2 protein chains.
Amino acid sequence: MAAAGRILSEEGVRNLSMRRLAKELESTPMALYHHVRDKDELLLLLLEAHAAQFPRTEMPSEPRDQLIKGAQALHDILTECPWIVEVLASDDLMAVSALWIVESIIDGAIRCGMTPEQAVYAYRVIWYYTAGELLLRVARGKHYSQPDAGAHREKAFADLDATQFPRLSSLAELWPTLTSRNMHRSGLIAVIDGLLRQTVG
Amino acid sequence: MAAAGRILSEEGVRNLSMRRLAKELESTPMALYHHVRDKDELLLLLLEAHAAQFPRTEMPSEPRDQLIKGAQALHDILTECPWIVEVLASDDLMAVSALWIVESIIDGAIRCGMTPEQAVYAYRVIWYYTAGELLLRVARGKHYSQPDAGAHREKAFADLDATQFPRLSSLAELWPTLTSRNMHRSGLIAVIDGLLRQTVG
DNA sequence: ACCTGAACACCGTTCAAGT
DNA sequence: ACCTGAACACCGTTCAAGT
């Protein structure tokens, strides 16, 4: 696990393979299969280790604040291992060490006045938004190695027909505004308030 | 392109490789590199072809309705090729044949009273939500082949400590409610209304 | 219980050579 | 201009054999 974490932090997910890990351990790829069932299990163990280390924060008593804080924690805990989202996708329940976050979100939603059905629905919407941010970050990281990272988009804007796309062509320099944690957080609040208004008025 | 489309629809993205496509064409993998620069270019050409075929719908004059319809179109155009989202992620501007959708969303947002900055921000939040839904669908599709698809989640719920996670453990049978287009749409409306309230009150 | 070597069935891509 | 064969540098995983 330590070796895997080392590769992950030093060379990125893209370079974490069973073969590469075996090399790091000066062993053979097959030896690993005596400790994990497959690569996914290895990744889930890495998430579990990471989540266990993540400090479990106190939750605010105000239900809306709890919803926001829970959703923010969901994002924060995964921001250092966004690659895991792809593995998590199949059974969209978190690692056991992070289940308190899901519990907090559902609890906050219900205490805001949502029915259990609405709370699950709200969790899903929040999860899509969060997973989208994380998965796009990973995807961006993959293409980011190429030299034409921003150049491609710049060219697309330059080629834009201003009469056909008046709004877009005026936004060329505004577009690449950095997608920061602040942007994620205010989006999260908009999403949560939108959900609250829709379900409990 | 037709051969690639055939593999895609009959065997899924997972089976679309340069080598597999060459076999389909009774050619060699390397011959393909005379027509596209790399695999990403091939995938983007497939999106372009798909987007060009997608009917360009009339937009409502009411700005909020335009925002919703645009965001819905963004989702609909990509539901049949969700695998492209990963490629799109690097330069988050759509294929040229689908740019009218982005233009519509930005236009709707500005006509709702948002500043250009806020409109780009709103587009980003909508894009994260949409991309999340699509990417999770792809990820789910990958794991879906395994026999223990739902079994794993069911076991996770069964193992839940009811005193530690009272909310979650009462939701076991509610959780796997199907994630339909309806769910996506009402989430979208919540997101958009949340964004509107946050930015223009 | 734990590990190894060889193999299976793949990838994307480059490079030099052919017509 | 278009294609080929061979190679490079990888994948995850299975299977039979070893200690």
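Remember, predicted model here, so these are calculated numbers, not experimental data. Just so we're on the same page: letters track the sequence lines, and every chain starts at 1.
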_Close aromatic pair by centroid cut-off 6.0 Å: Tyr123(B) and Trp175(A)_ = yes
*Take atom CG of Asn15(A) and atom P of dC11(D), then tell me their distance rounded to the nearest Å.*
8 Å
*Consider the side chain of Asp38(B), meaning its heavy atoms from C-beta on, and name the nucleotide among dT13(D), dT13(C), dC2(C) that approaches it most closely.*
dT13(C)
*How many Å lie between CZ on Arg19(B) and P on dT14(C), as a whole number?*
13 Å
*Nearest-Å distance, CE (Met18(B)) to P (dT4(D))?*
14 Å
_Whole angstroms only, please: what is the NE2-C1' distance between His35(B) and dC2(D)?_
7 Å
*asked:* Taking the C1' atom in each of dC2(D) and dA17(C), what is the distance between them to the nearest angstrom?
replied: 13 Å
*Distance under 6.0 Å and angle within 45° of ring axis: Arg14(B) vs Trp83(B)*: no
*In whole angstroms, how far is the P atom of dC10(D) from the CD atom of Glu24(A)?*
14 Å
*Rounded to whole angstroms, how far apart are CZ on Arg37(B) and C1' on dT14(C)?*
15 Å
*Consider the side chain of Ser17(B), meaning its heavy atoms from C-beta on, and name the nucleotide among dT13(D), dC11(C), dC3(D) that approaches it most closely.*
dC11(C)
*Euclidean distance for C1', dC11(C) against dA7(D) (whole angstrom)*: 14 Å
*Answer yes or no: is there an ion pair linking Glu11(A) with Arg6(A), defined by an N-O contact shorter than 4.0 Å?*
no
*Which residues satisfy the side-chain contact (heavy atoms from CB on, under 4.5 Å) test with Ile110(A), sequence neighbours excluded?*
Ile106(A), Ala119(A), Arg167(B)
*asked:* Can you tell me if Ser27(A) touches the phosphate of dT4(C), counting only side-chain N or O atoms and a distance under 4.0 Å to OP1 or OP2?
replied: yes
*dT13(D) P sits how many Å from Met30(A) CE, rounded?*
10 Å
*asked:* For dC8(C), give the paired nucleotide (Watson-Crick: N1-N3 plus N6-O4 or O6-N4; G-U: N1-O2 and O6-N3; both under 3.5 Å), or none.
replied: dG12(D)
_dC2(C) pairs with, by Watson-Crick or G-U criteria that keep both distances under 3.5 Å_ = dG18(D)
*When rounded to the nearest Å, what value does the distance between P atoms of dC10(D) and dA9(C) take?*
23 Å
*Calculate the interatomic distance between Tyr33(B) atom OH and dA16(C) atom C1'; express it in whole Å.*
17 Å
*Where the side chain of His34(B) is defined as all heavy atoms beyond and including C-beta, which of dC11(D), dC2(D), dT4(C) is the nearest nucleotide?*
dC2(D)
*Considering only NZ, NE, NH1 and NH2 on the basic side and carboxylate oxygens on the acidic side, decide whether Arg197(A) and Asp193(A) come within less than 4.0 Å.*
no
*5'-most by nearest nucleotide on DNA chain D - Thr28(B) or Lys23(A)*: Thr28(B)
